[in-house]
Amino acid sequence: MKVRTRVAPSPTGDPHLGTAYVALFNRIFAHQHNGQFVLRIEDTDQGRSRQSSTKAIQDTLRWLGLDWDEGPDIGGPFSPYIASERLQIYRSIADKLCETGMAFPCFCSKERLADVRAHQRERKLTPKYDGHCVSLSRQKVSSLKAAGKPFVIRLLVPNDGVCEFHDQLRGKITVPWSQVDMQVLLKSDGFPTYHLAAAVDDHLMEITHIFRGEEWLSSCPKQQLIYQGLEWQVPALYHLPLLRNSDRSKLSKRKQATSINYYKRSGFLPKTLLNYLATMGWSMPDEREKFTMQEFQKHFDPTRLSTTGPVFDIDKLKWLNGEYIRELSLAQFKEQLLDWSFGEQRLERILQLMQERTEKFDDVFTKMDYLIGDRVEVVASQFEDGALTRENCLRILEFTQRKLSLVEPWKRDGIFKELKQLSVVMNLKFRDFLKPLFIAISGRSVSLPLFDSIEILGSDITMSRLRSAIVSLGGISKKQLKVFDKDWQSLHPHPLE
RNA sequence: GUCCCCUUCGUCUAGAGGCCUAGGACACUGGGUUUUCAUCCCAGCAACAGGGGUUCGACUCCCCUAGGGGACGCCA
C-alpha cells in the first residue's frame, strides 16, 4: 500500500515544538513504508499568517532533520503546497457542497452569532450555530448575494443521531450530532477555514494516514461529514496526545518555552530533540530511551503509541543531550560549539559592541558571556536596590513581555521604539524602567547595550529570561495578573491585538 | 456548562488476566572511583486515582465516581 503523510502547520508565530512532534511521527511512518512525507502550509488565516513564519517553520524543521519529500519550496506532483495558492480549489469544492445540499450560504452577522452563543451559554447549552440561514430559498440567496451582502459557507450538520468515527489509537468514538457545530467552511473573505482546506488538500494530495494532535479529535465529525459528502475516503487517523506543561495543561508559551528555536539557542542538539520527542507517548519495544532516527524508523509501531499526555520534562531532555554531547569527538564538539556560539554572524555583532568598551582582551569574555551562553541566575535582591518596588519591577517585566511579543521584525530600533513608548505611557523615567530589564536580560545591572543584546539573543531567549526573572521575583499571582491586565488595557485604549 | 479523550513512582514509561514482591529511565538521597567538578559504578526513595463488578485469579476486561486535559471562533 502506498503511504502518504503530511504535516500542515499554520504559519502564525514561532515554529512550535508540537509541529516538530507531529512532523516526526508522520515522517517516520511514511518513510517506514517507503511512502512520502509532505509539508503543507495552511495559511488560511489572512490576519495572522506571516511569510516570515513559513520560512521559520521550514528552517527549523530542516535544522531538526525533518525534511519533506514534497512541499512549498521543493514542489511535488500535487503543487502548490500553500493553501493561499489553492483558493480556487476550495471555492469550487464549497460550491459543490452547496449544490448537493451538504452546505449552505449564511448571511448572519458576527454580532448576531455572538448574541446567539451568549444566550446558549446562559442556558447552559453547547454554543453553536442556530440554523438561521439553513432554509433560505434560492431566490432569497441570490438576491442577498446580488445586494453584495457578505456571506460564509457553512457545513450542514444533522440535528440528531450520532456520528461514529474511528481513531486508530482509541478505537470507535461516537459523538451526538447535536453537539457538532455547523462549521464555517468558507469565510467571507473567500478563504477556507482550516477544516475545509485540510480535508480537501488531504484528499487531493492522496494523504493516507494522519498523525495529529489530540486537539483535533473533537472536530472529526465535521471533517468526516465533508469527506462523506464528497464521497471521499477518510484517511487513517492517529491522534497523538498533547505535549504538556509541568502542570499538565497543554504546552503553552506563557508557561514554558514552546518555540523550537528556543531549544536550538539553548544548545540542544537536533538529535536530542528528535529522540526525546519520540519518547513522548511512544516507547521502544526493548525500552531503550536513547536511539537514532534510523533505529526509530526500524522499530516504530503505532500500536505502541500511548494516549496520555506527556509532560515535556527539560531535566530529562538535558540528560539526553549530555549523553549525545559526551559521545562527540573533540573535533566535533569544538566545531559544533563554535557554530552554535558564533554562527550566523553573531560574533561580529557582539565584537562591534565590545571593541569600544575594551581596554584589555581579558575583559572581553566576561562581558559578553550572557550573549553567548545562559546568564547567571538572578535573585530578588538584585532588583530591590533601585527606585522601584517589587511590584513595579514585575509590572515592567510583564508589560515588556507583552510589548515584545508584538514586535516584528526583531530589530534593535523597533524594540527600542516600543519599549521607550511603553516607559512613557507607564510614566516612568527611562533609566528606571530599564533597570530591571538589564538584570533580567544580562543578569547584571551594567551590561552591553540592552537593545542590541535583546536583538542578538533573539525573541525566544529574551522571553525566557524575562519569564525567569519574573519567577525569581516570586512570580505573579492570579490577583496581581488581573490588576496588570487592567493597567495594560488602560495603557492601550486601542488594543493592539 | 455541554461533548469528547485520558488516568502505573514527582516526571517519561514497561506491563495486552497468573511471569508483578509492579521493571527501566530522569530527578532526588546516600556511598564508591577521581586533586576539585563532571563522567562512571553501586545502593536507596518512590506508583497501579477510588469504588463496584466479571474471573479460580485483575495493573491488565466492564460499569460508576473522582481528577486531569481538550474542544465548543468567519483561530489553527
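Per the geometry, CG belonging to Asp189(A) stands 13 Å off C1' belonging to rC75(B), to the nearest Å. Look at CG on Leu317(A): it is 14 Å from C1' on rA25(B), rounded to the nearest Å. One interatomic measurement links the two molecules: OH of Tyr324(A) to P of rA38(B), which rounds to 24 Å at whole-angstrom precision. Rounded to an integer number of Å, the gap from CG of Leu243(A) to C1' of rC6(B) is 15 Å. Atom P of nucleotide rA71(B) and atom CZ of Arg212(A) are separated by 13 Å, given to the nearest angstrom.
Using a 4.0 Å cut-off, some side-chain N or O of Lys250(A) falls inside it from OP1 or OP2 of rA71(B). OP1 or OP2 of rC75(B) has not a single side-chain nitrogen or oxygen of Ser10(A) nearer than 4.0 Å. A sub-4.0 Å separation between OP1 or OP2 of rG68(B) and a side-chain N or O of Arg244(A) is absent. Taking only side-chain nitrogens and oxygens, Arg248(A) comes nearer than 4.0 Å to OP1 or OP2 of rU11(B). Neither OP1 nor OP2 of rC12(B) sits under 4.0 Å from any side-chain N or O of Lys290(A). Of the side-chain N and O atoms in Thr279(A), none sit less than 4.0 angstrom from OP1 or OP2 of rC12(B). The side chain of Lys128(A) contributes no N or O atom lying less than 4.0 Å from OP1 or OP2 of rG73(B). The side chain of Arg50(A) places no N or O atom within less than 4.0 Å of a non-bridging phosphate oxygen (OP1 or OP2) of rA76(B). Contact annotation: Arg170(A) does not reach the phosphate of rC6(B) (side-chain N/O to OP1 or OP2, under 4.0 Å). Using a 4.0 Å cut-off, no side-chain N or O of Arg117(A) falls inside it from OP1 or OP2 of rC72(B).
Separation of the P atoms belonging to rU13(B) and rC56(B) is 36 Å when rounded to the nearest angstrom. Atom C1' of rA47(B) sits at a distance of 10 Å from the matching atom of rC59(B), rounded to the whole Å.
Within the nucleic acid shown, Glu42(A) comes within 4.0 Å of sugar-phosphate atoms alone, with no base atom in reach, counting heavy atoms only. When heavy atoms are screened at a 4.0 angstrom cut-off, Cys108(A) is found touching base atoms of the nucleic acid. No contact: Glu327(A) has no heavy atom under 4.0 Å from any strand. Among the atoms of the strands shown, only primed sugar atoms or phosphate atoms (P, OP1, OP2) are found under 4.0 Å from some heavy atom of Thr44(A). Residue contacts shown for Thr174(A) are limited to sugar-phosphate atoms, with no base heavy atom under 4.0 Å away. Here Gly322(A) lies out of heavy-atom contact (under 4.0 Å) with every strand. Looking at heavy-atom distances under 4.0 Å, Pro310(A) makes contact with sugar-phosphate atoms alone, never a base. Nucleic acid contact class of Pro176(A) (heavy atoms, under 4.0 Å, all strands): sugar-phosphate only. Using a 4.0 Å heavy-atom distance criterion, Arg288(A) is classed as making no nucleic acid contact.
Contact check on Arg444(A) versus Asp369(A) returns a salt bridge, with a Lys/Arg side-chain nitrogen under 4.0 Å from an Asp/Glu carboxylate oxygen. In this structure, Asp286(A) pairs ionically with Arg288(A), as a charged nitrogen and a carboxylate oxygen lie closer than 4.0 Å. Look at Arg48(A) and Asp45(A) and you find a salt bridge, because one of the NZ, NE, NH1 or NH2 atoms lies within 4.0 Å of a carboxylate O, short of that distance.
Within 3.5 Å, a donor on the side chain of Ser188(A) pairs with an acceptor on the base of rC74(B), or the reverse.
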Can you give the donor-acceptor pairs under 3.5 Å from side chains of residues 260-270 of chain A to other protein atoms, not counting sequence neighbours?
residue, atom, partner, partner atom, Å
Tyr263(A), OH, Ala257(A), O, 2.7
Ser266(A), OG, Tyr262(A), O, 2.7

Listed pairs under 3.5 Å, donor-acceptor, residues 196-206 of chain A side chains, sequence neighbours left out:
residue, atom, partner, partner atom, Å
Asp201(A), OD1, Arg86(A), NE, 2.8
Asp201(A), OD1, Arg86(A), NH2, 3.2
Asp201(A), OD1, Tyr90(A), OH, 3.1
Asp201(A), OD2, Tyr90(A), OH, 2.6
Asp202(A), OD1, Arg6(A), NE, 2.9
Asp202(A), OD1, Arg40(A), NH1, 3.0
Asp202(A), OD1, Arg40(A), NH2, 3.0
Asp202(A), OD2, Arg6(A), NE, 3.4
Asp202(A), OD2, Arg6(A), NH2, 2.8
His203(A), NE2, Trp232(A), NE1, 3.2
Glu206(A), OE1, Lys2(A), NZ, 2.6

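When distances run from any side-chain atom of Arg121(A) to the nucleotides rA25(B), rG1(B), rU13(B), the shortest one goes to rG1(B). Considering only side-chain atoms of Asp45(A), the nucleotide from rU13(B), rA76(B), rC5(B) that sits closest is rA76(B). Between rC75(B), rC4(B), rC5(B), one nucleotide has an atom nearer to the side chain of Val175(A) than all others, and that is rC4(B). Residue Thr307(A) places its side chain closer to rU7(B) than to any other of rU7(B), rC12(B), rC74(B). Proximity note for Val152(A) (side chain, C-beta onward) versus rC3(B), rU7(B), rC74(B): the nearest is rC74(B).
One N or O on the side chain of Arg91(A) and one on the backbone of Gly190(A) form a donor-acceptor pair closer than 3.5 Å. In this structure, Arg467(A) contributes its side chain and Lys253(A) its backbone to a donor-acceptor pair below 3.5 Å.
As the counterpart of rC3(B), rG70(B) is assigned, both hydrogen-bonding distances of the Watson-Crick or G-U wobble pattern falling under 3.5 Å. Using the Watson-Crick or G-U wobble rule with both distances under 3.5 Å, rC56(B) pairs with rG18(B). Of the nucleotides present, rG44(B) is the one that pairs with rC28(B) by Watson-Crick or G-U wobble criteria, both distances under 3.5 Å.
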Assess whether side-chain contact (heavy atoms from CB on, under 4.5 Å) is satisfied between Leu185(A) and Ile226(A), documenting all intermediate values.
CA-CA 10 Å; Leu185(A) 299 178; Ile226(A) 298 175; 3.7 Å; yes
